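Let me begin by presenting the structure, written as structure tokens, before commenting on it.
Chain letters run A, B, ... following the sequence lines, proteins first, then strands; residues in each count from 1. Please read these numbers as outputs of a predicted model, since none were measured by experiment.
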Amino acid sequence: MARRTGRGFGTAGPGEKLLRYGLMLVVLVLTVGPFVWQLSTSLKGLGEDIYTRTPNFVPADPTLANYGGVADTIPVWSYGRNSLVVAAIVVFGNAVGATLAGYALAKLRFRGRRLILGLFLATLVLPGEVTIISQYVTVRGLGLADTLLGVALPGAIGMLNVLLMRTAFMSIPADMDAAALIDGANVWQRLVHIGLPNVRGMLSVVVIFSFIGAWDDFLWPLIVLTDPENYTLTVGLQYLNGTFSANPRLIAAGTMIAFIPIVVVFAVLQRFFFKGVEEGAIKG
Amino acid sequence: MTHQRWFTPWLLVAPAAVWLAVFSLWPSLNTVVLAFTNAKPLGGGRFTGVENFARITDDAQLGDALLNSVIYMVVCVPLLTLLPLLLAVLVQRKLPGISFFRTAFYTPVIASAVVVALIWGWVLEERGLVNGLAQQLGVLSGPLPFLTDRWLLLLSAISLTVWKGLGYYMIIYLSALGNVSRELHEAAFVDGAGPVRRFFNVTVPGVRNTMALVSVLISVSALRVFSELYVLSDGTGGPGGQDMSVVMLIQMYSRGFTGHLGYASALSLLLFAVTIGPMLLLLRLNRKAA
């Protein structure tokens, strides 16, 4: 390989590498710094001044007392369980509902297919906030106001996810299906043995984003839930912030309880996500 | 298709179709119906004609909210169209450890807006990190009221939105950059074009459609902003409720004894009216970029 003067396009020279790593470190401080600051605040004891002008990112005497403290102030663990219940319903609903409908819309011919597809597409121009009030009226009418099921149900089959799964199934060559048909495979067998193995990437993207979306959601549970017993983590944290803003250590501990699980989930699954990006799964 | 009974496809589509009808189509229609009633959060509702729409025209708080949306858009669109593109170019090369940096830059996106806004509230409060550091370095002589001043609060929420959005749009650009012809870059390189010229003459034209797509996406999300303003202002909407967004007003009227679902629905229709243009544009651009 030629060096220096003859260095080809496509390999980074030492100067470029240095510049890139330097800039990336600056961005890293800006994007991750606030999270580290919050983590550090959550680990500082009552005896440590958290308002120093020169920020101390390393707690002098790290303690987990604030995590116990936040649990004494609000039922943070049961809020976490509530968030988990909602997220589990949403993930399950989307994984199953979007897969089934996506497959039918991509691979089966039936009357009304184009109409259904058009209606799914039409919902995409509607921001969720526009229908959130009548959504609430619907949920209330079903007797699900102030329940976790009421929070989870509307998002349990996302229209966008149906369309994403349809796109994934469409990219499976028709020959494969035809071969299975000749072998006498029925719809279910074709879905399970030919469809599913070929859409794993998109399915994992749908699962990851259903989980993140449900776990992070704020506006909808804020509208549906009224009894503090039923709050999800995000609503509970905002409630904590409004009531006990005197101690930032507790709020910091609370935010970490909401933040760390999502980071773990994403860190474990991120290779599927970035693979999906390279395959063009993520678009606007 | 001899093996397929006529109802099999419908069995597969049924759950999604029910959801479409109950949680999407019906609420869309019902929003229009509710907008002409005085429905309350605790039930009821009587036809009141165009009363809610008359109220829209002289709602001073709504005027502020719309002004906030315009400012949000004007600041966010250029920043979030350009910065994430630069970021994507920065992390495009597959250097050792690059997936760590990409994941790290994406972290603010996966965190809940509530978590992020609580962190920023702590960083920006009167005795927080930013005020402390700025005074320590002599940039400020006294603390700035980032969270209690009408304009500073809006600015804080906007910076939070920009910060949280960087990674999201970076990923969209990263996906688009993969499709920019490598030969063009190479040819420009051979012709002696430096990195800056190659950025403007090869990269930017190559992702022009994506840039258009991203800027429309940002406009729509600026109109839909809620959590940042809500959490940073503790749900109050800032001094005199002047830092509300349209969605915050919708939420406010959805609750409690003073709530008014009819008026909230009229506001929802207003939100629809201002987002439908960009949304349709988005669908077209998406097809073009794909």
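The distance from atom OH of A/Y136 to atom CD of B/Q251, rounded to the nearest 0.5 Å, is 11.5 Å. In this structure, A/I133 CD1 and B/S265 OG are separated by 6.0 Å, a value rounded to the nearest 0.5 Å. Note that the CZ atom of A/R111 and the CH2 atom of B/W10 stand 10.5 Å from one another [nearest 0.5 Å].
Contact of A/Y21 with chain B is made through the side chain alone, with heavy-atom distances under 4.5 Å. Only the side chain of B/F100 comes within contact range of chain A, with heavy atoms under 4.5 Å apart. Using a 4.5 Å cut-off between heavy atoms, A/M159 contacts chain B through its side chain alone, with no backbone atom that close. Heavy-atom distances place the side chain of B/Y106, and not its backbone, under 4.5 Å from chain A. Using a 4.5 Å cut-off between heavy atoms, B/L269 does not touch chain A at all. With a threshold of 4.5 angstrom between heavy atoms, B/L29 does not approach chain A through any atom at all. Proximity to chain B is absent for every atom of A/A122, based on heavy atoms less than 4.5 angstrom apart. Both the backbone and the side chain of B/R127 come within contact range of chain A, with heavy atoms under 4.5 Å apart. Only the side chain of A/R140 comes within contact range of chain B, with at least one heavy atom under 4.5 Å from a heavy atom of that chain. Looking at A/Q270, only its side chain comes within 4.5 Å of chain B, counting heavy atoms on both sides. Neither the backbone nor the side chain of A/T99 has a heavy atom closer than 4.5 Å to any heavy atom of chain B. Both the backbone and the side chain of A/I262 come within less than 4.5 Å of a heavy atom in chain B. Both the backbone and the side chain of B/P96 come within less than 4.5 Å of a heavy atom in chain A. Contacts between A/T138 and chain B at a heavy-atom distance below 4.5 Å involve the side chain alone, from C-beta outward. In this structure, chain B has a heavy atom under 4.5 Å from the side chain of A/I132, while its backbone stays farther away. The part of B/L87 that comes within reach of chain A is its side chain, from C-beta onward, which places non-hydrogen atoms under 4.5 angstrom from that chain. Of the atoms belonging to A/V235, not a single heavy atom falls under 4.5 Å from chain B. Neither the backbone nor the side chain of A/L233 has a heavy atom closer than 4.5 Å to any heavy atom of chain B. Heavy atoms closer than 4.5 Å to chain A are found in both the backbone and the side chain of B/L261.
Summarising the geometry of B/T275 relative to A/P127, their closest heavy-atom pair is OG1-CG, 3.5 Å, with the distance given to 0.1 Å. Closest approach of A/F218 and B/S227 over heavy atoms only: CD2-OG, 3.6 Å. The heavy-atom pair separating A/G128 from B/R224 by the smallest distance is N-NH2, 4.0 Å.
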Can B/R255 and A/T226 be said to form a side-chain contact (heavy atoms from CB on, under 4.5 Å), step by step?
-> CA-CA 9 Å; B/R255 295 198 69 109; A/T226 42; 3.6 Å; yes

Kindly determine whether B/S28 and A/L126 satisfy side-chain contact (heavy atoms from CB on, under 4.5 Å), including the steps that lead there.
-> CA-CA 9 Å; B/S28 312; A/L126 214 61; 3.3 Å; yes

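For CZ of A/F57, the number of neighbouring non-hydrogen atoms (other residues, nucleotides, ligands) closer than 6.0 Å is greater than 12.
Side chains of A/T31 and B/W163: no donor on one and acceptor on the other come within 3.5 Å.
Contact count against chain A (heavy-atom pairs under 4.5 Å) is highest for B/F101 among B/F272, B/Y169, B/F101, B/Y253. By number of non-hydrogen pairs under 4.5 angstrom with chain A, the leading residue of B/A16, B/A39, B/A134 is B/A16. Interface summary for chain B: among A/I223, A/T123, A/V32, the most heavy-atom pairs under 4.5 angstrom belong to A/I223. Between chain B and the options A/I116, A/L28, A/V137, A/L191, heavy-atom pairs under 4.5 Å are most frequent for A/L28. Highest contact tally toward chain A, considering only B/S112, B/G132, B/P41, is held by B/S112 [criterion: heavy-atom pairs under 4.5 Å]. Interface remark: of the candidates B/L95, B/I119, B/T31, B/N30, B/I119 forms the most heavy-atom pairs closer than 4.5 Å to chain A. Heavy-atom pairs under 4.5 Å with chain B peak, among A/G213, A/P34, A/A258, A/G155, at A/P34. Chosen from A/A252, A/A156, A/G93, the residue pairing most often with chain B at heavy-atom distances under 4.5 Å is A/A156. Counting heavy-atom pairs closer than 4.5 Å to chain B, the top-ranked of the candidates A/V162, A/L105, A/L219 is A/L219. Ranked by heavy-atom pairs under 4.5 Å with chain A, the list B/T107, B/I110, B/L118 is led by B/I110. Of the residues considered (B/V231, B/T236, B/T103), B/T103 shows the highest number of contacts with chain A, using heavy-atom pairs under 4.5 Å. Counting heavy-atom pairs closer than 4.5 Å to chain B, the top residue among A/L30, A/T54, A/V125, A/D217 is A/V125.
In this structure, the side chain of A/R20 engages the main chain of B/L90 through a donor-acceptor pair within 3.5 Å. A donor-acceptor pair is defined here as one N or O able to donate and one able to accept, closer than 3.5 Å; such a pair exists between the side chain of B/W19 and the backbone of A/L153.
Counting only heavy atoms from C-beta outward, the side chains of A/N241 and B/W122 never approach each other to under 4.5 Å. Taking 4.5 Å as the limit, some side-chain heavy atom of B/L133 sits within range of a side-chain heavy atom of A/P55. Looking only at side-chain heavy atoms (C-beta outward), B/Y230 and A/Q238 come within less than 4.5 Å of each other. Annotation: side chain of A/F110 is not in contact with side chain of B/L12 (no heavy-atom distance under 4.5 Å). Annotation: side chain of A/K17 is not in contact with side chain of B/R93 (no heavy-atom distance under 4.5 Å). Residues B/I98 and A/M24 form a side-chain contact, since some pair of their non-hydrogen atoms from C-beta on lies under 4.5 Å apart. In this structure the side chain of A/Y51 never reaches within 4.5 angstrom of the side chain of B/E126, judged on heavy atoms. Using a 4.5 Å cut-off on side-chain heavy atoms (C-beta onward), A/E129 and B/V246 make no contact.
In summary, of the residues considered (B/V115, B/V116, B/V114), a side chain to side chain contact (heavy atoms under 4.5 Å, CB included) with A/F259 occurs for B/V115 alone.
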